[in-house]
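Computed over heavy atoms, backbone and side chain alike; hydrogens, waters and symmetry mates excluded. Convention: sequence-line order gives letters A, B, ...; per-chain numbering from 1.
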There are 2 protein chains.
Amino acid sequence: MRIIEFDGKRQMTPKPGKVTQREIARIAGVSQTTVSMVLNDRDGSNIRIPDATRERVRRAIEQSTYVADPAARRLAGLDNKILGVFTYESALTPESMDFYGPLLNGIERAAESLGCDLLFFTSSPVEEGRRRLFHRQTRLRLADGCVLLGQQMDGDDLERLVAEDFPFVAVGRRDETDAPVPYVGIDYGALTGALLDRAAELGHERILYMHRDRNSPTARDRLAAVARADGPDVALAVVGDDFAGVPGLVAETGATAVFAEDAFLVEDIALALGDEGAGLSLAALAEVRGHRIGGRALSGFHTPRQQIAAEALALLQELISTAPDERGGIEIQRLLQGEVALGDTLTARGGAR
Amino acid sequence: MRIIEFDGKRQMTPKPGKVTQREIARIAGVSQTTVSMVLNDRDGSNIRIPDATRERVRRAIEQSTYVADPAARRLAGLDNKILGVFTYESALTPESMDFYGPLLNGIERAAESLGCDLLFFTSSPVEEGRRRLFHRQTRLRLADGCVLLGQQMDGDDLERLVAEDFPFVAVGRRDETDAPVPYVGIDYGALTGALLDRAAELGHERILYMHRDRNSPTARDRLAAVARADGPDVALAVVGDDFAGVPGLVAETGATAVFAEDAFLVEDIALALGDEGAGLSLAALAEVRGHRIGGRALSGFHTPRQQIAAEALALLQELISTAPDERGGIEIQRLLQGEVALGDTLTARGGAR
DNA sequence: GCGGGGTGATAATTCGCATTATCAGCGGTT
DNA sequence: AACCGCTGATAATGCGAATTATCACCCCGC
């Protein structure tokens with residue numbers, strides 16, 4: 001790099017194509033400070049720049065290819081309009097698109113209208129099948145804040161984010177930490193209650209609820225709602241990978257309807273039941289869009305995933321633009337209402353299926 | 001922010017959760033320089049740090065929550081392991097998933113194995129229906145390099161990227177600029193030739209090629225391949241939104257096979273032909289995965305989109321890790337071979353369809 | 001007792017931008 | 001003449017990490 005003389009001080013030749021405020025300043029015949037002031041429309045008692053000068057600087061900028069270096073802005077303590085997106089699994093595979101697709105779409109739209117870019121932390125090292133949020137080289141701090149996606153999250157990650165006052169929002173209800181985690185989720189408890197009511201209306205008195213042995217907040221919400229159901233009797237059963245015992249369970253409990261934790265589970269159950277499932281009602285306590293059982297639309301829930309994403313980014317933006325010690329006034333845990341998807345597999349007791 | 005006294009110099013109270021090298025240095029009883037050296041495993045004649053000190057610093061780091069600030073690293077001229085992703089349209093909508101999905105998936109996987117994060121420039125303002133890459137607040141420079149996606153790109157954008165020596169790779173063949181643009185694409189010319197050969201084998205002597213009035217490089221590649229076809233006679237026709245004239249054109253040209261620029265076009269054409277299309281062969285000179293015409297798999301191409309993405313990121317990485325003046329040796333324009341998808345709609349001349 | 005050379009570190013500077021403190025010049029008062 | 005207030009601008013500094021230049025110290029040989 002050649003050294004040139006300017007203003008009495010040693011200075012590098014600017015790399016080609018790398019225009020800085022300094023360069024603009026030189027062209028406009030002012031100081032770098034002034035350029036910064038003009039760019040940020042600063043004005044006040046202590047900062048006065050006549051329109052003539054402003055105009056001169058502006059023209060110099062427009063005739064150049066100047067763009068502010070985001071790294072420098074960030075270092076100087078300003079927002080960068082960059083939102084982090086962290087997913088505990090790969091987000092863009094064809095399989096995960098079913099779940100992440102609508103969320104990502106909502107996030108993209110929201111980011112677009114907020115004027116933010118999205119930083120996907122695809123580099124996070126995988127440990128025990130899950131990505132780690134914090135690692136030696138995490139670019140997390142480059143973002144103004146971060147959205148967390150995934151069925152299960154790491155409690156330590158969440159604790160640490162809270163402890164560091166880093167703005168973030170989890171998608172999906174969370175309760176794995178003592179600290180209050182900001183989240184936007186679906187009120188599965190209410191939905192579960194509504195579906196149970198519907199089943200009661202249809203005459204079902206004994207229901208079998210099959211769920212996975214999973215300790216997530218939403219799983220507990222569903223169980224709690226099932227437990228306090230005042231209509232039908234609900235028998236609980238944990239399932240693993242083996243569905244051979246399902247027909248026996250149904251017979252044993254005398255259930256006329258089988259609910260399961262999610263749509264995939266219902267599919268497995270229907271398969272295991274075979275013909276014995278005829279006449280039984282089925283429903284998933286989760287999103288059922290696109291799922292069919294024997295040609296019939298599966299009963300369950302419709303969850304507004306795009307809306308969740310939009311709400312999550314809105315909350316994130318609020319957190320970012322509020323100083324840590326003033327965030328007390330923000331409602332950081334938000335549950336959205338989904339709706340019951342009637343479908344065709346939850347029918348009147350004894351009705352044909 | 002409170003001012004405290006430290007080391008004889010005025011210094012801010014560190015924001016909670018913001019651990020810097022300085023802080024580590026204080027704990028380990030060394031200078032910030034030393035911490036930096038240890039972190040980067042620097043060693044040499046001019047830099048000597050005994051193992052004892054190294055160890056002390058390492059322990060201090062491990063016991064803290066230190067993570068390097070990417071903005072500062074970047075400002076100091078280092079790579080950030082961040083790759084930009086720019087799409088000329090929204091990438092994550094359900095509709096665009098058909099096209100972008102496999103590409104994005106490939107990009108995510110490649111980024112994962114390269115240890116890079118992905119920055120999506122979702123904030124770019126939309127002008128004339130397309131996003132602008134360069135704008136006042138672009139965060140482009142935060143990335144080490146950038147992948148460009150989209151059917152049509154802006155020539156000025158490409159020129160400017162080349163002029164600024166910014167590492168980038170376009171997905172899809174490009175020729176809208178004088179400057180040599182790095183790209184990874186599909187060899188549509190070869191594929192078109194192969195499909196024409198196949199049609200010839202099947203006895204087709206007159207083919208109608210219908211294409212959009214679009215001036216993209218790949219569109220020209222197809223046309224060029226069609227023009228130099230030595231087998232069948234190919235009649236060209238430009239179509240707009242109105243397909244009413246299609247049956248007439250077929251009759252007029254005496255074509256026994258109709259090729260179109262892409263699968264959607266074939267679908268429209270088949271619709272316009274109705275029963276008159278019976279017996280006619282159809283094919284798209286593009287990816288046909290998932291497209292069926294009257295229950296038959298559409299004939300056309302299979303393009304290795306994931307592989308394109310992987311190759312694009314590999315090339316990008318090469319460009320990034322090579323100084324601008326030494327990039328001469330890199331093959332920056334790469335065409336991958338796709339394969340002809342025989343399908344069921346390109347059949348022997350006169351055969352039932 | 002003085003120079004040479006290796007050792008182990010640090011002070012100073014840089015990156016690009018924002019901000020704070022400071023200053024030179026001018027006109028009007030007392 | 002000394003003082004004040006206003007204007008228009010700039011020098012200096014900080015942000016966090018990397019890099020360069022420099023230094024203090026000790027041991028060795030003569």
Worksheet, complete the sentence: Tightest non-hydrogen contact, residues B/Ala28 and B/Ala60, listed as CB-CB, 4.1 Å
Worksheet entry | Results of side chain to side chain donor-acceptor pair (under 3.5 Å) for B/Thr87 - residues two or more places apart only | B/Arg131
Discussion item. Please enumerate all residues that pass side chain to side chain donor-acceptor pair (under 3.5 Å) together with B/Arg132, with sequence neighbours excluded.
Written reply: none
Value in whole Å for how far the [atom2] atom of [N] lies from [atom1] of [X]:
| X | N | atom1 | atom2 | result |
| --- | --- | --- | --- | --- |
| B/Gln137 | C/dC17 | CD | P | 12 Å |
| A/Gln21 | C/dA18 | CD | C1' | 8 Å |
| B/Leu142 | C/dC15 | CG | C1' | 14 Å |
| A/Lys18 | C/dT14 | NZ | C1' | 14 Å |
| B/Arg22 | C/dA11 | CZ | C1' | 12 Å |

Discussion item. Within 45 degrees of the ring normal and closer than 6.0 Å to the centroid, is that where the cationic atom of B/Arg139 sits relative to B/Phe121?
Written reply: no
Discussion item. With a 4.0 Å cut-off on N to O distance, would you call B/Arg26 and B/Glu23 a salt bridge?
Written reply: yes
Worksheet item: Is there a side chain to side chain contact (heavy atoms under 4.5 Å, CB included) between B/Ser90 and A/Arg109 once you walk through the steps?
Response: CA-CA 8 Å; B/Ser90 293; A/Arg109 286 165 49 159; 5.9 Å; no
Item to complete: Answer with yes or no whether A/Gln32 presents, from its side chain, a donor or acceptor under 3.5 Å of a partner atom in the base of C/dA18.
Response: yes
Worksheet item: Between residues 35-42 of chain A and DNA chain C, which residues have a heavy-atom gap below 4.0 Å?
Response: A/Ser36, A/Met37, A/Asn40, A/Arg42
Fill in: Contact list for DNA chain D against residues 68-86 of chain A - heavy-atom distance below 4.0 Å
A/Leu75, A/Ala76
Worksheet, complete the sentence: Under a 4.0 Å heavy-atom cutoff, the residues of residues 45-57 of chain A touching DNA chain D are A/Asn46, A/Arg48, A/Pro50, A/Thr53
Worksheet item: Does B/Thr34 place a side-chain N or O at less than 4.0 Å from the phosphate oxygens OP1/OP2 of C/dT10?
Response: yes
Worksheet, complete the sentence: Closest of D/dA12, D/dT10, D/dA17 to the B/Thr20 side chain is D/dA17
Item to complete: Among D/dA11, C/dT10, C/dC17, find the nucleotide with the atom closest to the side chain of A/Thr33.
Response: D/dA11
When the side chains of residues 176-183 of chain A are checked against the rest of the protein, which donor-acceptor pairs come out under 3.5 Å, sequence neighbours left out?
from: A/Glu176; atom 1: OE1; to: A/Arg174; atom 2: NH1; distance (Å): 3.4
from: A/Thr177; atom 1: OG1; to: A/Ala179; atom 2: O; distance (Å): 2.7

Worksheet item: Run the salt bridge (charged side-chain N to carboxylate O under 4.0 Å, His left out) check on B/Asp41 and B/Arg58 step by step: do they pass?
Response: CA-CA 11 Å; B/Asp41 278 324; B/Arg58 287 222 176 84; 3.2 Å; yes
So do [Y] and [X] actually touch side chain to side chain, heavy atoms under 4.5 Å?
| X | Y | value |
| --- | --- | --- |
| B/Asp117 | A/Phe120 | no |
| A/Leu158 | A/Val162 | no |
| B/Cys116 | A/Thr122 | no |

